[in-house]
Structure formats: C-alpha cells, structure tokens
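Just so you know, ligand 1 is whichever comes first in the structure, and atom 1 is the first atom listed for that ligand.
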Amino acid sequence: LSICDAQVADSVRQWLKMPTFDSTQWEDEELLLLLQQMYLDLDFCSKFAININTLRNFLYEVYKNYNEVPFHNFRHCFCVAQMLYSITWCVDLIDKIGDLEVLILLTSCVCHDLDHPGYNNIYQINAKTELALRYNDISPLENHHCSVAFRILENEDCNVFNSFSSEAFKQVREGMIRSILATDMARHNEILCQFKELIPEFDYSNKTHINLLSMVLIKVSDISNEARPMDVAEPWLDRLLQEFFKQSDAEKLEGLPVTPFMDRDKITKPSSQCSFIGFVLLPLFEALGELFGELQDLIVQPVRDALDYYRRLNEATKEERLH
Ligand SMILES: COc1ccc(NC(=O)[C@H](C)Nc2nc3c(cnn3-c3ccccc3C)c(=O)[nH]2)cc1
Ligand SMILES: [Zn+2]
C-alpha cells in the first residue's frame, strides 16, 4: 500500500492531539503522514485551498532539508509541531486567534529549525561561520531556518500558500518570520517579560497581543520535551547533550570559548535540568498557563513534576558523591 493512500487510524489521530504522543515509535514516512493529518484534521486544506499533493511535496521538501544531527533533526520539528497541535485542540486555539494565525504557527513549527547544523548561535558567532557573516551575528541560525523555509515555498510544487492573495501571503510571511525568529533563546527573557505584562488585560482583538502570544506558543512548543512523560522526554535530553558536547569538543579543539552549560566536564544532567526547568522552562509554561487555564493539567503540572524528579535525582546523586 503506497504511503500516500494509507489512512491514519482514528485511535492514532486521537493520540496525535495529546502531549503523551511518542514520536520514537514511528518511521519518518509515518511522521510525514501524521504532519499531513494535522493540516487535514484542522481542516486547513479546505479552508485555505491547499492542494493535498502540494502539501505532501512541501512536507517532503522540509523533511529533506533537516540534517541528521542528534537533536535538531526532523523528529524534533515533528515534536514541536505536535505539541503546538496538542495545545491547539486543548485550548480551542482557532476560536481564540483564528485559522490563519494557527496555520502560520503550525507551518512555522514545521520549518523552525530547517537545515540546523547542530552548532548553536554562540558557536556560529565565535567561529565566524558563513551564517554569522551573512546575518551579522543577528540570530544567524533562526534567520537561516526561515530563509530556507521561504526558498522551499518559492517552488510552486511545494508552495502550500499558492492560492493566497499577495496581501494574505505577505501576512503569512510576516507571521512566520516573527515566529521562527522568536525561537532564538537569547531573546527568551525579552519575550517572556513582554508577554507577562499583557496577561492581566490580554486583548484578543489587539494584533500586538496576538503576535506576542504566537511567539510564546512556538517557544513553549520548541522547548517542551520535559512536559512529556519521562520515558519520552529523557532520550531527547541525551540527544541534546550529545549535540552540546559535540559543540564544546569542537570549541576546545578550535580554541574557541567553551559554552559553560555545554561543558561535559562541568555539568550533570540532573543539575543542568534543575536550573533549566526552574529558571527557564517553568516560568514560561506558568505564564502561558495563566492565560490558558486548560494547560495547567495538560503541560504545566508535568513540568513541575519533572522539576521535582530532577531535584530528587540531584539530591540522590549528591548523596552518592558524599559516601
Ligand atoms: C537562555 O538560553 C538558554 C538557556 C538554557 C539552555 N539549555 C540548558 O540549560 C540545558 C542544556 N537544558 C535544556 N535545554 C533544552 C531543553 C529543551 N530544549 N532545550 C534547548 C535546546 C536547544 C537550545 C536551547 C534550549 C533551551 C531541555 O530540556 N533542557 C540553552 C539556552
Ligand atoms: Zn527547535
């Protein structure tokens, strides 16, 4: 049976709407079919006259433009899109920000790490790479991911927006650029602080408010592994550290400054996760949970549980070192 005709079973379509979904159980071809299913189940193909073959070509071209790196690979992009998709159903996001904004967000998630080399912005800038030179040290990776996305969309066979008016496409382009550039963690505090200021009087008719909410939604989806069950989250942390250690080894070899939270001689998994979840992840998730109460049980509480788990693990490993 060709993959194109395969239908996604109803039970899988239901599980796909949950943060407990485990991407490791599926082949790449099946993940492509599941991404296609997300557009279909959100009714985007009929709402936006997206030809199903164009959607397939787009998703396959995206797939080919992700690299075989330990963490920032196609499977990561799937997880990020799938988390956004889960949130969409849980809070009825389309009812709150409209179809076009959700289409922009989902497509931004799919494209947000395109052609990631496995070496982050700090490395790009210190090593004076082609990307750092091209983008003048300004979010070189995120600018590149977004540029690759629109180069794919230049190809009519892959352009899922080819039925859009030029005005509508301009809105899509602005939205995708804003969302993908927002995933640069160097901007984390700037974005979180601005968002927290809006929460008390959040205004869904205010485009500035919607834009900031969209940036927070893709950020939450991007770093959301610890909101998933431990057996799903843990392998991602190992892959992430694999990628970080590869970078810090290269930095040592090339005489470049070594990024502290990446140095295999300096960090342990429990201690680095305690600080990441405590200082970065939980504050972000709690802010979104203040606006969308439905997310408390879905993804905020699981992050608190993950923090407790790593704190206990940290204590236990400290105990061990003492004896
Ligand atoms: C403010 O900029 C930051 C802050 C923290 C980190 N990363 C960390 O603290 C460590 C290595 N942990 C970590 N980092 C994570 C996770 C998920 N995504 N993610 C990640 C991956 C690539 C780039 C940045 C981040 C935060 C995760 O569960 N843990 C990286 C950048
Ligand atoms: Zn990412």
Identity and separation of the nearest protein heavy atom to atom 24 (C) of ligand 1: M185 CG, 3.6 Å

Name of whichever N/O/S atom of H76 is nearest to the Zn ion (ligand 2): NE2

H76/H112 aromatic ring centres below 6.0 Å: yes

Approximate separation, where rounding is to 0.5 Å, of S163 OG and I50 CD1: 7.0 Å

Side chains of D41 and Q37, donor plus acceptor under 3.5 Å: yes

Option whose closest heavy atom lies nearest to atom 16 (C) of ligand 1, chosen from F71, Y310, W236, F276: F276

Per-atom contacts of ligand 1 with Q273, taking only distances under 4.0 Å to non-hydrogen atoms: 12 (N), 13 (C), 27 (C), 28 (O), 29 (N)

Check: Y204 ring centroid to F202 ring centroid under 6.0 Å: yes

Sub-4.0 Å atoms of ligand 1 with respect to non-hydrogen atoms of H72: 22 (C)

Heavy-atom side-chain proximity of N206 to L198 below 4.5 angstrom: no

Exercise: do T259 and E251 side chains pair donor with acceptor under 3.5 Å: yes

Distance in Å, L42 CG paired with K47 NZ, rounded so as to fall on 0.5 Å steps: 7.0 Å

N/O/S atom name from D113 that is nearest to the position of the Zn ion (ligand 2): OD2

Residue and atom name of the nearest protein heavy atom (relative to atom 30 (C) of ligand 1), distance in Å to one decimal: F261 CZ, 3.4 Å

Sub-4.0 Å atoms of ligand 1 with respect to non-hydrogen atoms of F244: 11 (C), 22 (C)

H112, N/O/S atom nearest the Zn ion (ligand 2): NE2

Side chains of E154 and N159, donor plus acceptor under 3.5 Å: no

Closest to atom 15 (C) of ligand 1 among L141, L240, V303 (heavy-atom distance): L240

Residue D222 atom name (nearest to the Zn ion (ligand 2); N/O/S): OD1

Proximity of H188 to ligand 1 by residue part, where a heavy atom lies under 4.0 Å: neither

Check: E226 N/O within less than 3.5 Å of ligand 1 N/O: no

Proximity to ligand 1 by part of I277, non-hydrogen separation under 4.0 Å: neither

Pair S46-D43, side-chain donor/acceptor within less than 3.5 Å: yes

